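Here the structure is laid out as C-alpha cells; the discussion comes afterwards.
Just the heavy atoms: all of them, side chains too, but no hydrogens, waters or symmetry mates, feed the values below. Here the structure is a predicted model, which is why all the values come from computation and not from measurement.
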2 protein chains.
Amino acid sequence: MEMTQRKQKILAAVVESYIRTGEPVGSKNLLGELDFSVSSATIRNEMADLAEMGYLEQPHTSAGRVPTTLGYRYYIDKLMNKLEPTEEDRRAIAKTVSSGSGDPEQLLEKAGEVIARLTGCAAVSTMPLGEKATVRRAEIVPVGTRTAMIVLLTSAGTLKSKACRSDMPITPQTVERFYSVCAAHFVGKPLEDISTVMLQTLVASLGEHALEMSSFFVTLADLAADALSSDVLLEGQSNLFNHRELGGNIIELMEFLRKGEPISKLLSKGKDGIDIKIGTENEYKQLANSSVIISHYDVNGSRSGALGIIGPTRLNYAKLIPYMQFVSGLVGDILSESIDD
Amino acid sequence: MEMTQRKQKILAAVVESYIRTGEPVGSKNLLGELDFSVSSATIRNEMADLAEMGYLEQPHTSAGRVPTTLGYRYYIDKLMNKLEPTEEDRRAIAKTVSSGSGDPEQLLEKAGEVIARLTGCAAVSTMPLGEKATVRRAEIVPVGTRTAMIVLLTSAGTLKSKACRSDMPITPQTVERFYSVCAAHFVGKPLEDISTVMLQTLVASLGEHALEMSSFFVTLADLAADALSSDVLLEGQSNLFNHRELGGNIIELMEFLRKGEPISKLLSKGKDGIDIKIGTENEYKQLANSSVIISHYDVNGSRSGALGIIGPTRLNYAKLIPYMQFVSGLVGDILSESIDD
DNA sequence: TTTAGCACTCGGAACGACAGAGTGCTAAAA
DNA sequence: TTTTAGCACTCTGTCGTTCCGAGTGCTAAA
C-alpha cells in the first residue's frame, strides 16, 4: 500500500490531535482539522489503511486511533512543521539560563529547570566533560592523624572529593610525597588513564612507602572514575505525575531516573545534534512508554555534554525539538565563553 | 472520663493491630488479642469511650476504629513496649554501616540505605556539622583568565566548591593575595562569621584590590552559607509508593523531600535523643499524613547531625524507635572515632 | 472513488441488589 | 452497676445488569 499525500495529511492530523488532547481520535473529529473536505467514511477508510500499514492502532474496537511508534516516527521525520520558539520565549529562556553562568553545575541546573517548566517533562543533563578531560589538580588535606581528604579537580571544572584512611600516620613527608607523585604521574593526564591497573604498578614502584600511600591513590582512582561517569542533573521529576498515560510504570520510571548511571549513558549515546527515541525505540524497558529528546551541546566546538527531556510519547515534538536545540545551543555558548577566556 | 487499665489495654491492642494490618479494627477482631476475656459488646462500649476521649476515630459509621494522632501519642508515651533490635540485626547493620566509614558522606549514605531497607520508609540524614564548624582551608584555582574555582573545606570535612568570574584578569598576585587574606581572616574562623556584612567591611579595606577580589569573597560567603545549611541525604524515597494510605498527597510529599532545606530544618530542630512527630503534629502540612522519627547523633560528645525516617503514621514505633537509636549511636561512634585520632 | 446508512462492538457510567462488617442501643442477666 | 446477648441499622464494596455514546466496518448506492 502506498503512502498518498492524503494519507500523510490524515496521519499528521491524527498525531497532532492526539498530542493535543490525549484522547484516541475518531474519524469525525478529524473533519474540522483537514484542509480538504471529505466525509467521515472516507477518512475511516484511510485510517483503516494507515492502521494496516502500522502507523496507527486502536486501543480497542470502536475507540479512535492512536499513533504507533512508527506513526510518530514518520510524523517527526517527514511531516512535522517545526515550531521555532518566539523571540519572547528566547529572551526569557536566555535570561534564566544565563543567570546561572559562572558555575557549570548551576548553569545546567538552571537550564534543566527552564526546560522542565516549559515542557512539563523531567529534564536531565550531563555536566560538561569530554573524554579528553584531564587532571588539573590533586590535593591531599590531612583531617586526622590517619585520615585525609583527597580532592580532585578536572580540566572540565568538575570537583570531586572523598575522605580516606591510611594504615599509617600521615606526616608532612607523606603529603609532600603525595604531591610529587601526583605532579609526576597525574597532573595533565587524561582521567581515564588513572585506572586501577596503572595504580598498582605505580604503588609497587613506591617501594617502602607503598603501604603508606596506596589508599590515597586508590581513592584518587575512585574519584577519577566518579568524575568520568559524569554527573547527571535531574529536574522536574515530579512533572511526570501529571501524565496519567504513564500509568503504573511511573514508579519504575522514577526509580530509573534516580539512578544516574543509565541516564548518563543514555545522554552520551544520543547521536550528535538532536536525537529522539520514541517509546519502544528506547533500549531501556523502563522507558517503553516514554519518549526522550536528547540534544547535545558543544564547548569550543566539540561535544561536551547533553540535555534531555523525558516524558510520555505524546510529546509536542514540533515545539519541543526546536526548544531543546535552542537551550542546548545556549548552554554550549555560555560554557564556551566562560572557559576559553 | 478516666483512663482505666482496661481501656489502656484496648487502646494498645487497637494501635498494634492497626499498625500490623492497616485495616480499621473492629471489636470482634480484638477478642483474640487481649489477655482478658470479655464479650465484643463490652469492647464496643470501651472503644466508644476511647473515641469520645479522642484517642480513636472511625473512618465512617460501621467501619472499625483507627488511632488518632492523640491515640498514637498516648501509645508511644505510655503504653508501648520497645522492641530492641536482635543481636543478629545489630551485627548486620553494623557491618553495612561501617563499610562506609572513612568518608562521612558515604557513611551516612550507607546508614540511610540500611534504615530505608529495614523500615520501608524514606530515610533522611544530615551531614555532621556542628554550629562550631570552622574554615579549615580555602583555595582558589584559576580556570580561565577571568574565571576561578573557589573551594572551601570545613573542619567537619564538608567540601564545597563553586566557579566564579572576576571583572579583572586573574594574576598570580591575585591568587597570592587571596591566600593571604584567607589566612588572616578566615582560616580557623567559624563558618557563620563569614557573613556578607563582614565581607563588605573586608572588601572595603582591600582598597585598590577590592574590585579584583570582591567576587571571590562573595562566592566564598556563598559556600560558607551552603556548608552551614548542611547537606541532606535522602534514601529509599520510592519506598513511600508502597504505602497506599499516603494517598494523593504522596506527590507533594515527594516534592517536599526533594527540597533539602526544610528537611534540614526538620532534622536540626528535632529535640535531643529521639524525637517523634505524628501526623498533624508536624508543622509542615505536607507531612500531615506522615510520621517522622528523628534521632540525632553525637560526634565527640556534642550533637552533630541527625538521622530520620519519614513514613505513614502507621509506623511500627515499638520496633523502629530502638532501631533508629541504635543506628544513630553507631554513626556517632564511627564518626567520633575517625575524627579524633 | 466517495458517500450515506446501518448494524455491531466495546467501554464506561449508572443503578439496584446484596453480602459483610461493624456499630449503637435496649433489655435481660450477673 | 456492669456485662452480655440480641437486633436493627448503617455504610462500603462487589457483582450483574442495563443503557448510552462513540466509533468502527461493511454494503450498496451515487
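Counting heavy-atom neighbours within 6.0 Å of N81(A) CG, excluding the residue itself, gives a total of 12 or less.
R44(A) has no side-chain polar atom (N or O) that falls below the 4.0 Å cut-off from OP1 or OP2 of dC6(C). A close approach under 4.0 Å does occur between a side-chain nitrogen or oxygen of R65(A) and OP1 or OP2 of dG25(D). The side chain of T42(A) contributes an N or O atom lying less than 4.0 Å from OP1 or OP2 of dT3(C). Proximity of N45(A) to the phosphate of dC26(D): no side-chain N or O atom is located under 4.0 Å from OP1 or OP2. Distances shown here put every side-chain N or O of T61(B) at or beyond 4.0 Å from the OP1 or OP2 atom of dT10(D). Between dT3(D) and R6(B), a contact under 4.0 Å exists linking OP1 or OP2 to a side-chain N or O. Not one side-chain nitrogen or oxygen of S62(A) sits closer than 4.0 Å to the OP1 or OP2 atom of dC10(C).
In terms of position on DNA chain C, the residue among A41(B) and E46(A) whose nearest nucleotide sits closer to the 5' end is E46(A).
Atom pair E52(A):CD and dC26(D):C1' shows a separation of 15 Å (rounding to whole Å applied).
Side-chain contact annotation: S291(B) with Y72(B), donor-acceptor N/O pair under 3.5 Å absent.
No contact: S40(B) has no heavy atom under 4.0 Å from any strand.
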